[in-house]
Number of protein chains: 2
Amino acid sequence: MSAIHERRERERANRHQLIITAARELAETEGWEAVTTRRLAERVEYSQPVLYSHFNGKEAIVSAVALDGFDELATHLRRARQTATHPEQPLRAVCRAYLEFATERPALYQAMFVLPTNLKFASTETPPPLRAAFTEFVDCFPPTNTRRELFAEVTWSAVHGLAVLSDSGRIPQAGQEERLDFLITRIVDTPNEPTTP
Amino acid sequence: MSAIHERRERERANRHQLIITAARELAETEGWEAVTTRRLAERVEYSQPVLYSHFNGKEAIVSAVALDGFDELATHLRRARQTATHPEQPLRAVCRAYLEFATERPALYQAMFVLPTNLKFASTETPPPLRAAFTEFVDCFPPTNTRRELFAEVTWSAVHGLAVLSDSGRIPQAGQEERLDFLITRIVDTPNEPTTP
DNA sequence: GGGTGGATTCTAGCAGTGCTAGACATCCTG
DNA sequence: CAGGATGTCTAGCACTGCTAGAATCCACCC
């Protein structure tokens, strides 16, 4: 009685992932506004209700895509941080990799950072991939720095601002490299503890 | 033949503004997802088609709200910049005012910076209010600085990142003041021309 | 092998969305 | 007062996310 149920669960898990990747591909090729339950169902060759047997709703599907995205982002950032050598380089490498990620997978990035999802950030129930990605920013600062998290938050926010304003055309696409350079120079080439108490 | 037409045009302009403010109020009290053409029409006590005699579509209405928002933001930032006294203070004052604006009018801010609109940024056809708001950032840097625009872009992006990540719960609401302090200290208390050629 | 029960999947539909064609009313003009 | 333009509304289209209940399938047991 067990083997057959296991096979069914396996198939079900496959279909689960199939839905996620189908949603992601559809979003990446035509944008999230094209990802409707009907088109998604057609693409996985099932009717709409099966989507709801896997996910609580569309937002849950977006969240699942985003979660995969955070996994990829974390490894992407980690590789960048580890291949950077100079004592000052890691942060710059990570930020550049971050912007690269955002511009090359705009739809995925949107799912992670601008669309409403049910992912809990900065909490005890924050999924590991999110935490891992954030940690890559934190690890760019020396452990002796007692305010690494704060530094990481600000750096992350800044590059996120660059990414999202550029993507939505509110800042010229060109000059992104120069802006990043300015930002990093300011954050890195400065004494560790700022002015105020 | 003229007086009566003028009155009609005046009434029409009134209704035009009525629609904009109604949309804004609805968005500010219940969020943009509650701003539907039906609810908006009911609120201005007209049928839906009259909305389309004033605007090309919903996006045009959002854009009109956003445009008003940029006007207010510009004056808000200007006041902050002008009342700041210390030689180092203007940028800090403007950024704080910016974050204040974003957190106190989240819906308006969304219309301006995250929802899709037909406003052209950073172009020759950029509406004056947008330009005016951006100029407030630029004017925080001395005219002798040949890269003021770049500095302004990065600063704006950074505070925008703080604003939007905080608003969407992706960064804790608390600690915003501290983050801003760190950011400003880094950008301001540093020699003018960075490293690279 | 052939029912049978339970899980699975689909059909059909609801209430809502943005938007619009065409009927209707309204009001200035000759 | 009739004519005609101007303005407004009713009704509807094609779409959205989501779901109740019918239909189907399939492992199991005798």
Side-chain angles (χ1 to χ4, degrees), chain A residues 1-20 22-24 26-27 30-66 107 110-111 114-118, chain B residues 1-20 22-24 26-27 30-66 107 110-111 114-118:
Chain A
M1 81 151 203
S2 172
I4 189 161
H5 279 93
E6 280 177 10
R7 192 213 54 189
R8 288 207 150 192
E9 263 191 44
R10 220 168 38 230
E11 288 176 353
R12 197 179 156 75
N14 279 354
R15 199 172 59 177
H16 189 91
Q17 192 58 40
L18 175 64
I19 294 173
I20 296 177
R24 172 175 172 169
L26 199 48
E30 305 190 38
W32 278 107
E33 73 280 359
V35 182
T36 70
T37 57
R38 265 164 256 262
R39 289 202 60 185
L40 187 51
E42 184 191 28
R43 199 145 156 149
V44 298
E45 295 177 312
Y46 283 94
S47 65
Q48 302 166 42
V50 318
L51 302 180
Y52 292 89
S53 79
H54 285 271
F55 301 95
N56 270 339
K58 195 184 174 183
E59 184 176 308
I61 298 178
V62 177
S63 303
V65 173
Q110 273 199 352
V114 340
L115 297 184
T117 65
N118 52 35
Chain B
M1 81 153 205
S2 170
I4 188 160
H5 279 95
E6 280 177 12
R7 190 214 57 190
R8 288 204 151 193
E9 262 191 46
R10 219 166 41 230
E11 287 176 354
R12 196 178 157 76
N14 279 354
R15 200 173 59 178
H16 189 92
Q17 193 58 39
L18 175 65
I19 294 173
I20 297 177
R24 172 174 173 170
L26 198 48
E30 305 188 40
W32 278 107
E33 73 280 358
V35 182
T36 71
T37 58
R38 266 165 255 262
R39 289 202 60 186
L40 186 53
E42 185 191 28
R43 199 146 157 149
V44 299
E45 296 177 311
Y46 282 94
S47 65
Q48 302 166 45
V50 318
L51 302 180
Y52 292 89
S53 79
H54 285 272
F55 300 95
N56 269 339
K58 194 183 175 184
E59 185 175 306
I61 298 177
V62 178
S63 303
V65 172
Q110 273 199 353
V114 341
L115 297 184
T117 65
N118 52 35

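So you know, we letter chains A, B, ... as the sequences are listed, proteins then strands, and number each from 1.
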* Side-chain heavy atoms of A:Tyr46 within contact of A:Leu51, under 4.5 Å -> no
* To do: Please examine the side chains of B:Glu42 and B:Ser47, heavy atoms only from C-beta on, and report whether any two atoms are closer than 4.5 Å.
  => no
* Among the candidates D:dT19, C:dT17, C:dT20, find the nucleotide nearest to the side-chain atoms of B:Thr36. => C:dT17
* To do: Round to the nearest Å and state the distance from A:His54 atom NE2 to C:dC10 atom P.
  => 11 Å
* To do: Could you tell me the separation between the CD atom of B:Glu45 and the P atom of D:dT8, rounded to a whole number of Å?
  => 14 Å
* Structure fact -> Nearest heavy-atom approach of B:Ala23 to B:Leu40 is N-CD1, 3.5 Å
* To do: Take the C1' atoms of the five end pairs on each side of the helix from C:dG1-D:dC30 to C:dC27-D:dG4, derive the two axes, and give their angle rounded to 10 degrees.
  => 30°
* Asked: Is the shortest side-chain N/O distance from A:Arg38 to OP1 or OP2 of D:dG17 below 4.0 Å?
  -> no
* Structure fact -> To the nearest angstrom, the CZ-C1' distance between B:Phe55 and C:dG18 comes to 16 Å
* Nearest-Å distance, NZ (B:Lys58) to P (C:dT20)? -> 15 Å
* **A:Val44, A:Ile61, A:Ile19, A:Leu18 screened by side-chain contact (heavy atoms from CB on, under 4.5 Å) with A:His54, the one that passes** => A:Ile19
* Rounded interatomic separation in angstrom, taking CH2 from B:Trp32 and C1' from C:dG18 -> 15 Å
* Between D:dC15 (C1') and A:Glu33 (CD): distance, integer Å -> 14 Å
* B:Val65 versus B:Arg24, closest heavy-atom pair with distance -> CG1-CB, 4.0 Å
* **Any A:Thr37 side-chain nitrogen or oxygen under 4.0 Å from OP1 or OP2 of D:dC18** => no
* Structure fact -> Taken to the nearest whole Å, CD/A:Glu42 to C1'/C:dT9 is 17 Å
* Side-chain N or O of B:Ser47 closer than 4.0 Å to phosphate OP1/OP2 of D:dT8 -> no
* Can you check side-chain contact (heavy atoms from CB on, under 4.5 Å) on A:Trp32 and A:Leu26, steps first, answer last? -> CA-CA 8 Å; A:Trp32 278 107; A:Leu26 199 48; over 6 Å; no
* Asked: Is the shortest side-chain N/O distance from A:Arg15 to OP1 or OP2 of C:dT9 below 4.0 Å?
  -> yes
* Structure fact -> When A:Arg39 and B:Tyr46 are each assigned the nearest nucleotide of DNA chain D, the 5'-most assignment goes to B:Tyr46
* Asked: Looking at B:Tyr52, does any N or O in its side chain come under 4.0 Å of the phosphate oxygens OP1/OP2 on C:dC19?
  -> yes
* What integer distance in Å separates A:Gln48:CD from D:dA20:P? -> 15 Å
* Asked: Do the side chains of B:Arg15 and B:Ser53 get nearer than 4.5 Å, heavy atoms only?
  -> yes
